[in-house]
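The structure appears right after this line, and notes come after that.
In what follows, chains are A, B, ... by sequence order, proteins preceding strands, each numbered from 1.
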Number of protein chains: 2
Amino acid sequence: MEIERCSCTVVHEDVVEKVKDMMPEEERLYDVAELFKVLGDTTRIKIICALFESEMCVCDIADLLNMSQSAVSHQLRVLKAARLVKFRKEGKIVYYSLDDEHVKMIFDLGLLHVSEE
Amino acid sequence: MEIERCSCTVVHEDVVEKVKDMMPEEERLYDVAELFKVLGDTTRIKIICALFESEMCVCDIADLLNMSQSAVSHQLRVLKAARLVKFRKEGKIVYYSLDDEHVKMIFDLGLLHVSEE
DNA sequence: TGAACATATGAACATATATTCATATGTGAG
DNA sequence: CTCACATATGAATATATGTTCATATGTTCA
């Protein structure tokens with residue numbers, strides 16, 4: 001028993017077929033969405049934006065954003081999982097920096113989009 | 001009475017100051033995060049990806065993604081609010097297409113990032 | 001005008017997620 | 001070894017958000 005999803009009778013089947021062939025794999029699309037989801041949070045965008053300028057330790061970031069150390073650490077974890085930031089340890093201090101060159105480009109394009117008009 | 005946000009004593013004040021000067025306005029960062037949040041959903045990414053290939057009506061999209069017309073319409077509303085898609089009406093059919101050239105570039109960079117290794 | 005249909009929308013519900021709080025881990029200094 | 005400190009993490013809570021269901025809007029055609 002099939003669930004009726006599209007009640008419309010006039011579907012442009014040729015278009016749908018053509019598009020279906022061109023669509024990347026489901027998993028790829030999921031991963032891309034996941035990446036943008038990570039970028040889609042004010043706190044994380046601020047962290048990334050800060051790291052454009054300089055590597056920073058967790059305390060620096062917490063101080064800059066006026067947030068708790070814990071909250072920052074949690075978000076750095078998410079950024080790290082998305083391979084957006086990397087870190088180096090110097091004694092007990094952990095310095096975070098950007099892991100990727102694309103991020104700057106993606107961010108700039110995003111900024112451009114929201115800045116238009 | 002001030003809430004203690006960063007309990008750390010060793011903050012690199014010079015770095016924090018320098019970064020603070022370089023940070024875009026709070027509002028801009030909020031908008032950028034908002035844009036990526038819109039891109040950060042599987043359904044919406046699929047819709048955008050489909051529209052790379054061709055304009056489509058709501059029914060086409062619902063059929064392609066095997067989703068309800070209502071769910072698709074709700075998501076198109078979000079995409080429209082973010083100025084990512086535009087539409088034209090032809091009788092009772094509404095055709096959606098991409099509103100922006102950046103989106104393709106942003107998407108491709110995202111795809112590149114998640115495709116690496 | 002009225003029926004059929006494509007799309008939009010509001011409310012409700014279920015799920016995801018960001019921050020807080022408490023605490024654990026790991027490192028350097030004495 | 002022990003204390004102080006920078007960071008990480010788990011559980012809990014509050015909030016945001018995607019989909020469904022029911023229904024409204026608007027257009028075409030008879």
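The ring-ring contact (aromatic ring centres under 6.0 Å, His included) contacts involving residues 51-73 of chain A comprise A/F52-A/F107, where partners must be two or more places apart or lie in separate chains.
Per the geometry, CG belonging to A/D60 stands 13 Å off C1' belonging to D/dT7, to the nearest Å. Across the protein-nucleic acid pair, B/Q69 atom CD and C/dA4 atom P stand 18 Å apart, rounded to whole Å. The distance from atom CD of B/E90 to atom P of C/dT7 is 11 Å, rounded to the nearest whole Å. Atom C1' of nucleotide D/dT7 and atom CD1 of A/I61 are separated by 12 Å, given to the nearest angstrom. When the P atom of D/dG26 is taken as reference, atom CZ of B/R88 falls 21 Å away, rounded to whole Å. For the pair B/F87 CZ and C/dA6 C1', the interatomic distance rounds to 14 Å; values are reported in whole Å. Between A/D63 atom CG and D/dC5 atom P the separation is 17 Å, expressed in whole Å. Rounded to a whole Å, the NZ atom of A/K92 is 13 Å from the C1' atom of C/dT25.
Contact check for A/L76 versus A/K80: no side-chain heavy atoms found under the 4.5 Å cut-off. A 4.5 Å side-chain heavy-atom check between B/E13 and B/V16 finds every atom pair outside the cut-off. Proximity of A/V94 to A/R88: side-chain heavy atoms (C-beta onward) are nowhere separated by under 4.5 Å. In this structure, the side chains of A/F36 and B/R44 stay at 4.5 Å or more apart for every pair of heavy atoms. With a 4.5 Å cut-off on side-chain heavy atoms, B/I106 and A/I106 count as touching.
One finds a side-chain N or O of A/Y96 lying less than 4.0 angstrom from the OP1 or OP2 phosphate oxygen of D/dA8. At the phosphate of D/dT20, neither OP1 nor OP2 sits under 4.0 Å from any side-chain N or O atom of B/S70. Contact check, B/S68 against D/dT20: a side-chain N or O comes under 4.0 Å of OP1 or OP2. Close to D/dT19, at under 4.0 Å from its OP1 or OP2, lies a side-chain N or O of B/Q75.
In the helix from C/dT1-D/dA30 to C/dG30-D/dC1, the end axes, each obtained as the rotation axis mapping the C1' atoms of four pairs onto the next four within a five-pair block, lie 30° apart to the nearest 10 degrees.
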Would you please test B/Y95 and A/H12 for side-chain contact (heavy atoms from CB on, under 4.5 Å) and show each step? CA-CA 11 Å; B/Y95 292 94; A/H12 305 77; 3.0 Å; yes

Which is it for B/M56 and B/Y96 under the side-chain contact (heavy atoms from CB on, under 4.5 Å) test, yes or no, and what are the steps along the way? CA-CA 5 Å; B/M56 297 178 92; B/Y96 281 86; 6.0 Å; no

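Checked against C/dG26, C/dT7, D/dT27, the side chain of B/I93 finds its nearest nucleotide in C/dT7. Side chain of B/R77, nearest nucleotide from D/dA8, C/dT7, C/dG10: C/dG10.
For the pair B/Y95 and A/A71, both in contact range of DNA chain C, the more 5′-proximal nearest nucleotide belongs to B/Y95.
The aromatic rings of B/H102 and A/H113 lie perpendicular to each other, with more than 60° between the two planes, well past the 30° mark.
For DNA chain C, no neighbouring residue in residues 30-49 of chain B is found when judged by any heavy atom under 4.0 Å.
Under a 4.0 Å N-O distance rule, the pair A/D14/A/K18 does not qualify as a salt bridge.
The aromatic ring of B/H74 does not sit over the base of D/dT19; the criterion of centres under 5.5 Å apart with planes under 30° is not met.
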